[in-house]
Amino acid sequence: MDDLRDKYIDLIANAADEAALEDLRVQAIGKKGEISLQMRELGRMTPEERQVAGPKLNALKDEIASALAAKKEALGDAALDERLRHEWLDVTLPTRPRREGTIHPISQVTEEVTAIFADMGFKVAEGPQIESDWFNFDALNIPGHHPARAEMDTFYTHRSEGDDRPPHVLRTHTSPVQIRAMQDQGAPIRIIAPGRVYRADYDMTHTPMFHQVEGLAIDKDISMANLKWVLEEFVKAFFEVDDVELRFRASHFPFTEPSAEVDIRCSWEGGTLKVGQGDDWLEVLGSGMVHPKVLEAGNIDPNAWQGFAFGLGIDRIAMLKYGIPDLRAFFDSDLRWLRHYGFSALDVPTLRGGLSS
Ligand code: DAH
């Protein structure tokens with residue numbers, strides 16, 4: 001029995017492949033294998049002999065079976081290693097660009113804006129497009145009678161008959177995300193909130209659905225000076241120019257005090273916009289210091305915290321940067337337009353790699 005054991009352990013160790021291993025299995029412990037035949041002999045033994053030989057044979061059969069299994073696994077590993085050595089794939093290779101897919105300018109500009117503000121430590125926050133009128137208006141210090149509600153050409157949803165709760169609205173701006181973010185994250189906070197907004201309006205520069213990005217920075221000692229710096233950095237980076245002059249015009253928004261509208265110096269020479277030089281001013285956003293009532297609505301103590309907010313039209317700055325004259329074409333889903341104004345899916349905007357190239 002020991003000879004049998006040594007023979008098969010040795011043969012198994014030297015088996016070249018799985019086929020050779022299978023032959024050995026049949027030879028040793030297959031139905032007519034050497035060990036199986038020996039087991040048949042047990043029947044002819046005396047009970048005493050059988051008591052000694054039986055367990056020994058069983059143990060031998062088990063040992064051979066596990067040696068076979070172990071060798072099989074080792075051969076499998078070796079085969080896999082060998083395959084992996086031949087079949088390799090360079091996952092860092094670029095994919096093949098295809099003509100039919102391009103990134104919409106709105107997506108591109110949203111990515112650009114996000115890259116710039118992320119670099120300044122702003123996180124992206126989100127909120128629902130169907131919003132309660134409390135978040136869209138009241139929490140932003142726009143009470144029920146306020147003219148801003150009418151001015152915004154709000155889309156209202158329907159309540160069922162007999163339901164007297166105020167209807168939800170399609171959010172008219174991204175400002176309600178300020179409230180949600182403050183409630184969720186508390187102070188200090190630095191977020192931007194890009195997204196869709198809705199107003200009943202339609203002409204060359206207005207569509208019923210458009211895009212804004214909201215900004216909010218709350219801390220112990222944030223002032224208008226910080227707002228000005230952040231916006232200057234943003235405008236320079238976004239329009240990819242070295243220097244830019246911003247003009248802060250006193251304005252009024254219910255949710256900021258003081259409030260300012262921001263213009264950038266530009267020229268329209270020859271019908272094309274040049275940012276940073278010239279005698280014209282271009283209005284790009286609304287901003288200000290967050291009103292104490294707005295902080296309170298966000299569960300933040302206005303005696304301990306203060307900060308700035310701004311709201312910027314994404315579609316508008318996309319039109320300006322990329323020279324797109326009619327806003328309505330953005331949402332016509334015309335493939336020819338997309339191919340002309342769209343961006344390669346492979347060029348992800350980053351500050352290091354370039355925003356638009
Ligand atoms: N929500 C304003 C609008 O849609 C834009 C705005 C102005 C946002 C001033 C702000 C802000 O955060 O401080 O017209």
Side-chain angles (χ1 to χ4, degrees), residues 113 117 122-129 131 133-143 146-155 169-183 187 189-201 205-219 222-231 234-235 246-264 282-298 300 302 305-317 327:
V113 170
F117 281 109
F122 286 75
K123 281 199 282 188
V124 171
E126 286 181 317
Q129 294 174 42
E131 188 56 284
D133 77 333
W134 188 84
F135 276 108
N136 195 75
F137 295 122
D138 300 77
L140 290 160
N141 194 32
I142 313 175
H146 199 281
R149 290 210 184 193
E151 275 164 28
M152 277 189 173
D153 304 309
T154 310
F155 287 112
V169 301
L170 297 188
R171 68 177 179 197
T172 57
H173 49 183
T174 43
S175 303
V177 186
Q178 286 187 33
I179 309 293
R180 291 183 176 275
M182 284 190 282
Q183 288 185 351
I189 185 171
R190 248 187 278 180
I191 54 116
I192 57 162
R196 292 183 171 181
V197 299
Y198 302 83
R199 291 180 204 180
D201 210 350
T205 51
H206 296 90
T207 48
M209 185 279 298
F210 60 105
H211 300 79
Q212 291 187 334
V213 59
E214 196 77 12
L216 176 71
I218 306 287
D219 210 322
I222 289 192
S223 71
M224 288 288 272
N226 301 117
L227 170 67
K228 187 158 188 276
W229 182 84
V230 164
L231 292 178
F234 166 72
V235 171
L246 290 190
R247 180 171 76 175
F248 280 62
R249 260 183 307 109
S251 182
H252 175 77
F253 299 103
F255 28 89
T256 44
E257 181 57 40
S259 304
E261 277 173 281
V262 178
D263 307 332
I264 50 181
L282 189 81
E283 188 193 319
V284 286
L285 56 90
S287 64
M289 297 300 290
V290 179
H291 196 289
K293 283 192 178 167
V294 173
L295 292 172
E296 268 168 15
I300 288 178
W305 304 94
Q306 62 182 30
F308 64 74
F310 59 86
L312 167 81
I314 292 184
D315 320 70
R316 198 174 149 73
I317 59 170
L327 176 62

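Computed from heavy atoms alone, side chains included, the values below leave out hydrogens, waters and symmetry copies. These numbers were taken from a predicted model, which means no experiment stands behind them. Counting convention: from 1, in listed order, for ligands and their atoms alike.
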Nearest-0.5 Å distance, CZ of residue Phe255 to OG of residue Ser175: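 That separation rounds to 4.5 Å.
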Are Arg171 and Phe135 in a cation-pi contact, defined as NZ or CZ under 6.0 Å from the six-membered ring centre and within 45° of the axis?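 Here Arg171 fails the 6.0 Å and 45° test against Phe135.
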What closest approach, in Å, do Gln212 and Thr174 show between heavy atoms, and which atom pair accounts for it?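 Between these two residues, the closest heavy atoms are OE1-N, 2.9 Å.
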Where does ligand 1 get N/O contacts under 3.5 Å from the protein, atom by atom?
residue, atom, partner, partner atom, Å
ligand 1, 1 (N), His173, ND1, 2.9
ligand 1, 1 (N), Ser175, OG, 3.0
ligand 1, 4 (O), Arg199, NH2, 2.8
ligand 1, 4 (O), Gln212, NE2, 2.9
ligand 1, 12 (O), Gln178, NE2, 3.1
ligand 1, 12 (O), Glu214, OE2, 2.6
ligand 1, 12 (O), Phe310, N, 3.4
ligand 1, 12 (O), Phe310, O, 3.4
ligand 1, 13 (O), Ala309, O, 3.2

Less than 4.0 angstrom from a charged side-chain N to a carboxylate O is my criterion; do [X] and [Y] meet it?
X	Y	result
Glu257	Lys293	no
Asp153	Arg199	no
Arg249	Glu283	yes

